[in-house]
Enquirer: 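A single structure is presented below for examination.
Quantities reported herein were computed from a predicted structural model and do not represent experimental measurements.
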Amino acid sequence: MAELTNATYDFSTSKAPMLGQQTLVKQALSALSEDLDALEQVMSYSAQGLDKHKQVFVHWLASRKISAHTADIVFTQGAQQGIYTCLQILTNENDYVLHEELAYPGFFRAVDACNVKLLSVPLSPEGLDLNILESYCQQFNPKVLYLTANMQNPTNVRYSAQQLADIASLSKKYHFYIIEDDVNYCLPEHWRLPLQQQAPDRVFYVSGLAKYIAGGLRVAYTLVPKKWQQAFNAHIHSQCWMVSTLNIELVTRFLNSEQFDHNQQHLADEMRERQLLFKAFADKHQLSVRSGGLNVWLELPEPLDVYQFDQLLAARNIKVRAANIFLYNTTDPAPQNSMRLSLGSFNTRASFEQGLAAFDKAFNDFKQQQQ
């Protein structure tokens, strides 16, 4: 591995490494600068977005085997806005909302803004504990279930097909809606059709391109059930007069291009290699790790304490996210002695290997301290 330095190593931020996305945006900006008609369109008000952009996304989604109509697509300024809007239109104050026991922290911020009550459902290796989920449904009449079924954030659990079918059935039986967050990057061999395709009338599918291209573009979308499309659009309109169409214009100029396909293949190849390198570290130390996208979920064996290790890492400028960060109350004890490490925030393989070497040394030192 590469030589260690005194740099800060960021394994906490889940993002794709810059592997040519800059060139995609540069070329799109250059082409747009020469297209006065397109510039005039994106400089005009369009409360529900441009239909031509939705048509591009319908075509792109079809290439991923996702069936959608232009009316189903609502663009948002990041997936966070989509999650918040779903909660706003589906719940009233003090309604109950179900969620995975470890979940995306931004979901909890949206929950606080909506003044709803949370019901935390434990996770199994196959997904949610369905017995507890159903008992909550019987006791509390929840209005919404929030889940990250394709690549669970943060644990990387992948829901079984039977689990997803059962969750869809429970949604109909107990009359709750599902917010399916599919923002997390997932390697092509692991990605599968969203639950929304099984139950488009029950599921709000929230996704975007932050983890595949770059977060700063703020290009996200929600596939909204027909019954709720008017309310969803109206609520977005109440938050901002319109979602900017400029960034969406840029993305649509390369979304179905060979250059974008090549970039995404490059990204997948790079993440496979980084996962293999991290698995080699885990195997060397006989540690359990679950991967599949930009992040890995690392479990520490007893008596090693993840929070003590986190403190040692912080002292060495190595940033990670311990399991408690993904709880609603971060001071509560986490159900797993684990941490999430993001492998994509290093833009080069060399810098990633340097960071992994620093992490490896820190773990060795931590083990020796505990003996």
Enquirer: Please determine, by modelled atom types, if Thr348 and Ser351 share a side-chain donor-acceptor pair under 3.5 angstrom.
Expert: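 Ser351 and Thr348 do have a side-chain donor-acceptor pair below 3.5 Å.
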
Enquirer: Do the side chains of Glu134 and Lys173 get close enough for a salt bridge, i.e. N-O under 4.0 angstrom?
Expert: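 Judged by the 4.0 Å cut-off on N to carboxylate O distance, Glu134 and Lys173 do form a salt bridge.
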
Enquirer: Tell me whether the centres of the aromatic rings in Phe326 and Tyr104 are closer together than 6.0 Å.
Expert: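 Not under 6.0 Å, so no.
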
Enquirer: Take Gln152 and Thr155 through the side chain to side chain donor-acceptor pair (under 3.5 Å) test and state the conclusion after the steps.
Expert: CA-CA 6 Å; Gln152 204 279 328; Thr155 67; 2.6 Å; yes

Enquirer: Would you mind checking if Arg316 and Asp365 are paired as a salt bridge, meaning a charged N to carboxylate O distance below 4.0 Å?
Expert: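 Here Asp365 pairs with Arg316 in a salt bridge, since their nearest N and O are under 4.0 Å apart.
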
Enquirer: Hey, are Asn295 and Ser14 close enough side-chain-wise for a donor-acceptor pair under 3.5 Å?
Expert: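 Yes, side-chain donor-acceptor contact under 3.5 Å.
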
Enquirer: Do you reckon Trp191 sits in the same ILVMFWY cluster as Met151, going by side-chain contacts under 4.5 Å, direct or chained?
Expert: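 Not linked; separate clusters.
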
Enquirer: Counting N and O atoms only, with roles assigned by atom type, does the side chain of Asn337 sit under 3.5 Å from a partner on the main chain of Leu304, one being a donor and the other an acceptor?
Expert: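 Confirmed, Asn337 side chain pairs with Leu304 backbone.
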
Enquirer: Under the criterion ring-ring contact (aromatic ring centres under 6.0 Å, His included), which of Phe107, Phe108, Tyr328, Tyr96 is the partner of Tyr146?
Expert: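 Among Phe107, Phe108, Tyr328, Tyr96, the one meeting ring-ring contact (aromatic ring centres under 6.0 Å, His included) with Tyr146 is Phe107.
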
Enquirer: Any luck finding a side-chain donor-acceptor pair between Tyr9 and Asn317 under 3.5 Å?
Expert: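 No, Asn317 and Tyr9 have no side-chain donor paired with an acceptor closer than 3.5 Å.
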
Enquirer: Quick check: do Phe75 and Gln48 have side-chain heavy atoms less than 4.5 Å from each other?
Expert: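 A side-chain contact is absent here, since even the closest heavy-atom pair is not under 4.5 Å.
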
Enquirer: Any Lys/Arg nitrogen of Glu126 or Arg158 sitting under 4.0 Å from an Asp/Glu carboxylate oxygen of the other?
Expert: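 Salt bridge between Glu126 and Arg158, a charged N being under 4.0 Å from a carboxylate O: no.
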
Enquirer: Inspect the contact between Lys226 and Asp201 and indicate whether a charged nitrogen and a carboxylate oxygen are less than 4.0 angstrom apart.
Expert: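 Salt bridge absent between Asp201 and Lys226.
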
Enquirer: Does Phe57 have its ring centroid less than 6.0 Å away from the ring centroid of His53?
Expert: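 No, the ring of Phe57 stays outside the 6.0 Å limit from the ring of His53, centre to centre.
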
Enquirer: Without hydrogens or angle criteria, can the side chains of Ser244 and Gln77 be said to hold a donor-acceptor pair below 3.5 Å?
Expert: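 Ser244 vs Gln77: no donor-acceptor pair found between side chains.
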
Enquirer: Tyr185: what forms a ring-ring contact (aromatic ring centres under 6.0 Å, His included) with it, not counting sequence neighbours?
Expert: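 So Tyr185 forms a ring-ring contact (aromatic ring centres under 6.0 Å, His included) with Tyr212.
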
Enquirer: What residue among Phe366, Phe281, Phe346 forms ring-ring contact (aromatic ring centres under 6.0 Å, His included) with Phe359?
Expert: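 Filter result, single survivor: Phe281.
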
Enquirer: For the residue pair Asp360 / His285, report whether a side-chain donor-acceptor contact shorter than 3.5 Å exists.
Expert: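 Short answer, yes.
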
Enquirer: For residues Gln259 and Asn263, is any side-chain donor paired with an opposing acceptor at under 3.5 Å?
Expert: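 No, no side-chain donor-acceptor pair sits under 3.5 Å.
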
Enquirer: Going by side-chain hydrogen bond (donor to acceptor under 3.5 Å, both in side chains), name the residues that satisfy it together with Lys279, two or more places apart in sequence or in a different chain.
Expert: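 Testing Lys279 for side-chain hydrogen bond (donor to acceptor under 3.5 Å, both in side chains), a comparison that skips the adjacent residues, returns Asp283.
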
Enquirer: Going by side-chain contact (heavy atoms from CB on, under 4.5 Å), name the residues that satisfy it together with Asp269, two or more places apart in sequence or in a different chain.
Expert: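 Applying side-chain contact (heavy atoms from CB on, under 4.5 Å) to Asp269 gives Gln265, Arg272.
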
Enquirer: Answer yes or no: is there a donor N or O on one side and an acceptor on the other, between the side chain of Lys54 and the main chain of Gly49, under 3.5 Å?
Expert: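 A pair under 3.5 Å: no.
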
